[in-house]
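Here is the structure we will look at, set down as structure tokens.
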Amino acid sequence: MAPRAPDPLAVILAELRARLAARVRAASDATARLQALAARYHAAVQAEADAELARRRGQRVRAPIASPRALALELAALIASLPELGEDDGEAAAEPAREGPAPSFSELLAASKEAAVAPARAPRSPRAHPEVLALADEVRGVDLDALSASELRARALGWAARARQLRERAVADPEERLAGVLRALTRAARQRRLAIIGLDPRDRADWQAQLERSRRLIARREEREPASKRTPKRERGARDEPVPAAREPWPVPSLARAALGGAVVIAGGVLRADKLERVIEHLGFEPEWVSTEAPGLNATAALERRIRAGHVAAVVLLEGLVSHAHSELLVSAARQASVPLAHGGTAGVASLRRAFVQLDAQLARET
């Protein structure tokens with residue numbers, strides 16, 4: 001016995017139910033995203049208001065992670081992506097209502113067959129992803145030439161990491177705004193002779209870790225400087241301020257690449273923020289300074305374990321500020337783990353430069 005042919009009306013109704021169910025699900029998802037984004041927008045506006053009030057009271061304020069404008073752009077992009085606002089729906093709404101009796105079953109069946117064989121329309125041109133718009137707007141709103149070298153390095157590191165993250169996610173960027181952001185940051189960095197991870201297309205790194213590092217640098221800088229001395233955005237018509245001269249970059253390309261995969265450590269003495277800031281400007285990346293002044297061998301033993309575990313790329317040992325017991329422990333660990341080690345005296349800038357250049361030469365020979 002031949003199988004019974006499917007009821008054409010049931011087929012049409014099933015297809016209609018599936019389409020309507022998919023539309024309801026999409027609407028539910030969009031509603032949830034809108035509610036979450038609206039809550040973040042409200043929180044950002046409240047945080048900005050609180051920060052402004054604190055600034056007027058003379059209190060220190062950390063820079064907000066998300067700006068209300070960036071979230072507003074995300075909201076606008078999400079609303080614009082709703083299917084009810086598309087061109088096709090507008091054309092359908094503009095179509096005059098059909099007059100006369102309701103279509104017959106044969107007419108419905110014929111229309112269904114025509115729709116099934118109708119050629120697909122050309123896809124709409126993609127819109128830029130909201131995060132792309134937010135990043136481009138944020139960078140465009142800052143006068144890069146007015147930033148100090150340390151502030152430019154801290155902020156550009158985060159912006160470059162965000163741009164590289166978005167590229168790896170292959171988000172929509174039809175106008176290549178991300179390329180424009182990276183070009184602007186590269187131009188500003190070259191003018192200051194700064195090496196910033198993420199601007200070179202060959203750079204490979206954990207971009208989320210670099211973004212967190214940028215936030216730490218910004219927070220540390222704001223803790224050191226009073227609010228009155230922080231670099232503001234340039235107002236229209238304001239006079240250009242002289243840009244402070246950048247420090248001479250040290251020739252350590254191999255060491256800078258090694259810093260992407262492990263910590264470059266200065267071991268000895270007590271961490272000096274001003275000295276570390278100068279070293280960062282010369283190197284173009286941030287080394288870690290491990291103090292050995294605390295009683296006992298706790299800090300040195302912890303560094304020794306990291307060296308043996310392969311988490312340290314290179315070590316500068318300040319032998320003039322380290323006891324013999326600390327020094328022997330670190331030298332032995334570096335030798336056994338084949339980690340480059342150089343001596344930096346008592347943390348003089350000239351001695352540190354020689355030590356970092358020696359580390360770079362050791363790493364260059366290994367490659």
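Position 1 is the first residue of the sequence; numbering continues from there. Nothing here was measured: the structure is a model prediction, and the numbers come from that model.
With rounding to the nearest 0.5 Å, the separation of CG in Leu166 from CZ in Arg164 is 11.5 Å. Separation of atoms CD (Glu281) and CZ (Arg278) is listed at 9.0 Å; rounding is to 0.5 Å. Interatomic distance, CD1 of Ile266 versus CG of Leu321, reported as 11.0 Å (0.5 Å rounding). Interatomic distance, CG of Leu255 versus CZ of Phe285, reported as 4.0 Å (0.5 Å rounding). To the nearest 0.5 angstrom, Asp145 atom CG is 8.5 Å from Arg187 atom CZ. Distance check: Glu131 CD to Arg177 CZ gives 14.5 Å after rounding to the nearest 0.5 Å.
Taking a cutoff of 4.0 Å between a charged side-chain nitrogen and a carboxylate oxygen, Arg216 and Glu212 do not qualify as a salt bridge. Arg153 has a carboxylate O that lies under 4.0 Å from a charged side-chain N of Glu277, or vice versa, which qualifies the two as a salt bridge.
Side-chain contact between His282 and Leu352 is absent, with no heavy-atom pair separated by less than 4.5 Å. Annotation: side chain of Glu286 is in contact with side chain of Leu217 (closest heavy-atom distance under 4.5 Å). Two residues are said to be in side-chain contact when any heavy atoms from C-beta on lie closer than 4.5 Å; Ser254 and Arg365 fail this criterion. Contact annotation: the side chain of Arg204 never approaches that of Leu260 to less than 4.5 Å [non-hydrogen atoms, C-beta and beyond].
Contacts classified as salt bridge (Lys or Arg N to Asp or Glu O under 4.0 Å) and involving residues 328-357 (residues at least two apart or in different chains) are not found.
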(message) As a quick check of understanding, evaluate side-chain hydrogen bond (donor to acceptor under 3.5 Å, both in side chains) for Arg213 and Gln210, giving each step before the final call.
(response) CA-CA 5 Å; Arg213 178 184 164 207; Gln210 296 302 319; 3.2 Å; yes
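Other residues, nucleotides and ligands place more than 12 heavy atoms under 6.0 Å from the CD atom of Gln208.
Minimum heavy-atom separation, Glu304 to Leu330: N-CD2, 4.1 Å.
Between Ile307 and the options Val265, Val312, Leu341, a side chain to side chain contact (heavy atoms under 4.5 Å, CB included) holds for only Val312.
A donor-acceptor pair under 3.5 Å is absent between the side-chain atoms of Glu288 and the main chain of Val264, judged by distance alone.
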